[in-house]
Every structure is written in C-alpha cells, then in structure tokens.
Amino acid sequence: MDNYAKQENLQTSTPPPPVEETVTLIDLCSGDDSDLVEQDVQRRYNSGGAKRPRDTSASDMNNAKKPTAAPPHVTHTIPADPCNVFTTEASSGRVGSCKQFWKAGDYEGAPGGNWDLSSGGFDHVRVHPKFLHSNATSHKWALGAFAELLDNALDEVASGATYVNVDMLENKKEGNRMLLIEDNGGGMNPEKMRQCMSLGYSAKSKLANTIGQYGNGFKTSTMRLGADVIVFSRCLGKDGKSSTQSIGLLSYTFLRSTGKEDIVVPMLDYERKDTEWSKVVRSSLSDWDKNVKTIIQWSPFSSEEDLLRQFALMNEHGTRIIIYNLWEDDQGMLELDFDADPHDIQLRGVNRDEKNIKMGAQFPNSRHFLTYKHSLRSYASILYLRIPPSFRIILRGRDVEHHNVVNDMMQTEQITYRPQYGADSYVKDSNMSAVVVLGFVKDAKHHVDVQGFNVYHKNRLIKPFWRIWNATGSDGRGVIGVLEANFVEPAHDKQGFERTTVLSRLETRLIQMQKIYWNTNCHKIGYAPRRHPKAGNDYGHTNTSPENDHEEYSPSGFKTRASDKFCSSSYPNHRGDNGVSGNDSSLYLQEELRRERERSKALEAEVELARQKIEEMSKEQENLIAIFTEERDRRDVEEESLRNKLEEASNTIEELLNKIKMLEGSKGPSWRR
C-alpha cells in the first residue's frame, strides 16, 4: 500500500522526435459507442499559420494519399493573447496555452469542416472541443470536482475496491505538478474505457447503490482541475482470465492546439495471453503507432515503456488517473495549493479565509464548518455519511479520518420528516422519510457563528452546512443539523438540489425546526431568552437528548449510545443507580423540578399561542361574516333599485304606446284620404 500513498516521480527518457502531422484517432462523438470511426487529420502550413483542410468522407479516407510532411522549421507568430490562439513549434510539439480555467474556453478553433460525415446513412452530431470546457464550468468549486472522482472510486467497492489514493506527482518532462487519483476497483475493459470517455453514458444510473447517474462526472471533474487527463485501467474480465489494460488520453491542449472540431481521444488497448501482454490492433499497426506517438507527444510520458510502467504501479486490477496542466489563478499560481499542508490539497483565493483557519484550530468542534471550503481533507472527511469499514480514502500519504458532524453536537433532538408531495410530483417511494438530527455545536457557548444543515443524498453530501435561516442579529447561531434526503434530486454537479416543490417544502420545514429549537434552547448557551418562543417543541416526532448528555455516533449510523442520566462532568456528586446521598438526591430533584418547570412554561406558551391564534381566527371569522352581510345588504339595495327602475321604464313605455295609439286614432280619416 505504501507504493500508492507516497509521492512518486515519473521516469522519463529522451524526448521523441516530432509526430508526423497525419494522425489516426478514435472519434468518440459518434452516436454509436461500439463503432470506432477512423479519422485522418491533415495539417498544412503556409506563412500565415496552420490551416486545416476540409474533412473527407469515409470512402475518400481509404483512398487518400499520405500528405507531405510539414516543413521542419516552421514557427508561428505568438499573438498578443495566448488564450485565443495557440502557437506550435514543429521541433517540440509544445504550444502556448491559456492556463486559467475561466478563460480557457475563449477560442474558435479552425474554420470550415465537412458536415457530411455519417454513420450507417445517419448524420451524427459533432461535439466541439469547447464543449469540454463549457461542460466543466458546472463545477464552480474545484473541491466539488474532487468529490466526483471520489464518488467513482467509492462506487467500485462493489467490485472489490478497498482504497482510493489522491496524491501529487512531479512531471519531469514539463517540470510541473500533476494530480493522481487511483483505486484498486474492478477497472475498465476497452469498451467501458470508451464509455467513460464518452459524454452522457452511465451504466450506474441503473444500479441502486451507486452515486453516479449522469455519465458526465469524469469529464467535468477532470477538465475542471486541469486541461488534460490520461487514464490507465486494468480489468480482469468476467472469467478472470481475459485480462485487459487500456490507456486513454483526453487532452484539451491537444484538441485546441491542433484545431480539432470534434472531440477525439487516442487510445491503446492490450490483452493478456498466457503471461504476456499483446497489442489489441483494431485497424492497422500503422494506426496503432500513430496513436502511440500522439499520446507520447501530448502526455507527461516519453515512450511506450514509460506508459506501460504505470501498470506496474497498479495491482491486478484498478484505475489510475493522472491530471496534468493544472489550472492557474489570476496571479499565475496553481489554483491548487500543495505547499500549505504536506498531507492536504487546498484551494487558494476566495475560498481560503485565514481567520476561519485560526478559529478552526481554536474551536475543534467547528473546524469542519470553518475549513471545508478550502481543504480537501476537511471536505472529504464529511463527504459521506457512512463509509464501508474496509474502504480507505488516502490523501497524500495519510488516511482521511471519516467524521460525522453529529459528534460535534450537544443537546441533540431527532425529528422525523416525511415529505408532502404535490400533484405534479413524481413519487418513487411514498414511504420515504428523513431523520433530522438537530442540536447546538459544542462550541456554541463561545457564540461562534456556525449554523446550517448537512444534507446528504444516498450517502453523499450535497449541501454542506446549508444556511437557510438568515435572521438578523444572533438568532439561529450555533444550531447545526444532519439529514439524508433521498426524496429530492441533486443537480448535475452534486453541489445543490433541483428546485422543486418538494425541496421548497423541505426548506420551509427545516427553517421552522431551527427557529423552534433556537427559541426554546438559546438561553442554555448564554443568549437572552426569547419572549415569545414559537410553540415549544412542536416538531412532530422527536427524540430529545438530556441537556449535557455527550452522545457518541458511529460512521454506520446515528446514535450508538444514549443515556437518560446526567453526565458526571456536569453533576460531579451524581452516583448513578448505586445509591445517592441526601444532598445528591436534593440536587437531582431540584434539577428535575427545574426541567419540569421549563417544560410547563413551554406548554403554557404553546397553549397561549394556540389561544391567540383561535382568537385571531374568531375575529377573522366575524370580520368575514360582517363583510358578507354588508355585501349582501348592498346587493339587495342595488337589486331593489334596479327593480324600481325597470318598473318605471315599463310604465314609461306603456304610456308612450298609449299616446301613439291616441294620435293614430285622431288622424285616422286624414290618413285614409
């Protein structure tokens, strides 16, 4: 295991000669994952820079002649903004590139391109390399990208994984630092490796006990941490005899620098025959050699032997991920800080607060709240509600100690919450519920501004210390909670939940829980009692711990020891059930009496509040009756007035008709003449 925990230096050899400009690559943007499309990319040079010709159809590729090699000393002029245009030196194959993640998507790539490529008579959608960057921007927080990779390793427990190792490597080829994430799970065969590199493919979405479901986490997380990633994976096969090992390169630098308009991934596969590993040639040895040269040119390794040496560092099965060309901040420093703590990986910038770091050392029970935003060790320790006993998370040579935030609480209460589904909600299991463990952080007596709920989904932390009650003043301070809400759906980056009616109702209920708990208990940690506490302990189904009962919680669940007795630290003369002195009994009875008085006051307040609500409702009812009565009287008056007007109009009409008849009678003879 020490081989996986210690820091490693990659062995390199003499750099290879420049790669020919015709490269056959595996195109993974096709709609059919099982079909491998061979694509020849030609590079032509002129004095103004590199220019890529239009792609040819599949039939033309077979008849195409090998293009003339590029002139050996052509160098392109470096533009003012390296984030928009890349420069290539034919002698080295290296390019200038934008090293800041949030600016790396500002490029257009080569113009033109043939859209006539088809698969079986069907057009396929092309995925531009810029999508890799825009897709990764879903991770606003870099530690959230680490969590995706840890999820993948934890999912491998079902395949026998016992650890995941996260470390920093030195890249002697480029003289910079790289990230290593490796596990000893089942590994990936060539087909699964291609699915891993593809966009949106996930076999885990059909499995009940896995975290991944969208088939997007590997791409977004690796591209968020660095521009390039190379993956080594070894798989035993179904029968344990058909072992394979594969290498895949997903390089944003390569795609940008060569002006690709599709996401193409060079890959190498090997299979074991007896005791020897042999190449799996899918098309031709020439294409195999081109893939090898491409991987060597754009990876931290200098030869195929260097690549294969990575498998010697692995067990019989597992996956080894190396992320390189790590992103930098605006000051030109790596976004990831490897120097602040030799056993941690931390973030620079806005997520790092020196004041919080000092407070975390002073208040150990609040440490995770104060440090999880910048420390991977702190965040990883609370990332999962439960960890299999045989599984280890190793960070830079030292195990990450799993931590349950419930152990940081005192005066805890358990509240069972059952979601209320609306008519438009899809209900997978109507019996779903969540046990909310609520309490004061043990440092609350120091009035540390720590509060929020750790909300888990299927064992994975989605919302760390979710602060939902933003009260003025000190209200709510010190109250923290933990729950596992499997009835709400996480967002794609697993750093929040989809905004649904079910989530809105949960949020409202958690605010209510926190307000009731605070108003009922704030005086116990030194705050002034609230004059109008809200309804005492009206949570629903609750289990309340004694005031100073120091309960322990295990990684596999919540309570492992609960006591109805008072702790000896708070009551030094208390002797349990083995007999007590008169003074001890008196103190015990006085304390019980005090607690009963508090309960009585809470009940009285609840009754008074209910009485006030009833009075308010009665007044509202009387007001409504008065309004209805007034409205009915007004309508009666209007109706009578309209009836009178109608009668008057009828009389007027009748009088006019009579007058008309009289006029016709008096003028009758003259009309006849």
Side-chain angles (χ1 to χ4, degrees), residues 208-209 382 384-386 404-422 425-441 451-469 476 478-490 497-498 500-521 524 533-547 549-564 595 598-599 602-603 605-606 609-610:
N209 298 319
I382 61 174
Y384 304 106
L385 194 59
R386 299 168 295 275
N404 195 321
V405 175
V406 179
N407 290 330
D408 295 330
M409 297 183 192
M410 63 181 182
Q411 301 174 12
T412 57
E413 297 181 3
Q414 289 190 11
I415 307 149
T416 300
Y417 171 77
R418 289 183 172 81
Q420 299 296 319
Y421 296 97
S425 301
Y426 172 70
V427 182
K428 293 182 179 179
D429 185 357
S430 59
N431 295 321
M432 277 191 176
S433 62
V435 176
V436 182
V437 182
L438 192 66
F440 282 120
V441 67
Q451 61 173 300
F453 291 85
N454 271 13
V455 187
Y456 291 80
H457 176 84
K458 293 184 178 179
N459 192 45
R460 160 75 136 80
L461 180 61
I462 303 298
K463 294 287 287 187
F465 297 102
W466 187 19
R467 186 165 183 159
I468 53 178
W469 183 24
V479 181
I480 59 176
V482 175
L483 67 149
E484 185 175 16
N486 293 334
F487 47 83
V488 286
E489 289 297 325
F497 291 101
E498 298 291 346
T500 61
T501 303
V502 176
L503 178 65
S504 179
R505 289 174 177 171
L506 172 63
E507 183 177 358
T508 302
R509 193 71 178 92
L510 291 178
I511 293 174
Q512 183 185 17
M513 291 179 190
Q514 186 177 358
K515 286 182 178 180
I516 293 173
Y517 183 89
W518 167 262
N519 289 326
T520 305
N521 301 289
K524 299 178 182 178
K534 293 190 177 181
N537 291 330
D538 186 19
Y539 297 119
H541 177 35
T542 64
N543 291 320
T544 307
S545 66
E547 179 177 346
D549 186 10
H550 297 282
E551 300 166 327
E552 294 296 330
Y553 293 77
S554 69
S556 61
F558 286 127
K559 281 189 181 178
T560 58
R561 180 180 66 84
S563 173
D564 292 331
R595 291 169 61 83
E598 288 183 357
R599 294 192 189 99
L603 290 173
E606 183 179 356
L609 183 63

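A quick note: this is a predicted structure, and the numbers were derived from the prediction, not measured. Numbers here simply count residues along the sequence, with the first being 1.
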Inset, instruction - Give, for atom CG of L385 and atom CG of N404, the distance between the pair rounded to the nearest 0.5 Å. - result: 6.0 Å
Inset, instruction - Using a strict cut-off of less than 4.0 Å between a Lys/Arg side-chain nitrogen and an Asp/Glu carboxylate oxygen, indicate whether R386 and E484 qualify as a salt bridge. - result: yes
Legend entry - Rounded distance [0.5 Å steps], CZ in F487 versus CG in L503: 9.0 Å
Inset, instruction - State, yes or no, whether a side-chain contact exists between K524 and E598 at a heavy-atom distance under 4.5 Å. - result: yes
Legend entry - With N454 via side chain to side chain donor-acceptor pair (under 3.5 Å) - residues at least two apart: none
Legend entry - Geometric class of the F497/W466 ring pair [parallel <30°, tilted 30-60°, perpendicular >60°]: tilted
Inset, instruction - Could you check if a side-chain atom of V502 sits within less than 4.5 angstrom of a side-chain atom of V488, using non-hydrogen atoms only? - result: yes
Legend entry - Working for side-chain contact (heavy atoms from CB on, under 4.5 Å), residues F465 and V405: CA-CA 10 Å; F465 297 102; V405 175; 4.2 Å; yes
Inset, instruction - Kindly assign one of parallel, tilted or perpendicular to the pair W518 and F440, based on the angle between their ring planes and the thresholds 30° and 60°. - result: perpendicular
Inset, instruction - Hey, could you give me the CD1/CG distance between I511 and L506, rounded to the nearest 0.5 Å? - result: 10.0 Å
Inset, instruction - Please examine the side chains of V436 and R509, heavy atoms only from C-beta on, and report whether any two atoms are closer than 4.5 Å. - result: no
Inset, instruction - Starting at CD of Q514, measure out to CZ of R467 and round the result to the nearest 0.5 Å. - result: 8.5 Å
Legend entry - Inter-residue atom distance N521.CG - Q411.CD, 0.5 Å rounding: 6.0 Å
Inset, instruction - Scan I415, T508, V479, L483 and name whichever one has a side chain to side chain contact (heavy atoms under 4.5 Å, CB included) with M513. - result: I415
Inset, instruction - Report the distance from atom CG of L438 to atom CD of E413, rounding to the nearest 0.5 Å. - result: 6.5 Å
Legend entry - Donor-acceptor under 3.5 Å (Q414 side chain, V435 main chain): no
Inset, instruction - Looking only at non-hydrogen atoms, find the nearest pair between V406 and V437 and report the distance. - result: CG1-CG1, 3.8 Å
Legend entry - Steps toward side-chain contact (heavy atoms from CB on, under 4.5 Å) verdict (V482, Y456): CA-CA 8 Å; V482 175; Y456 291 80; 4.0 Å; yes
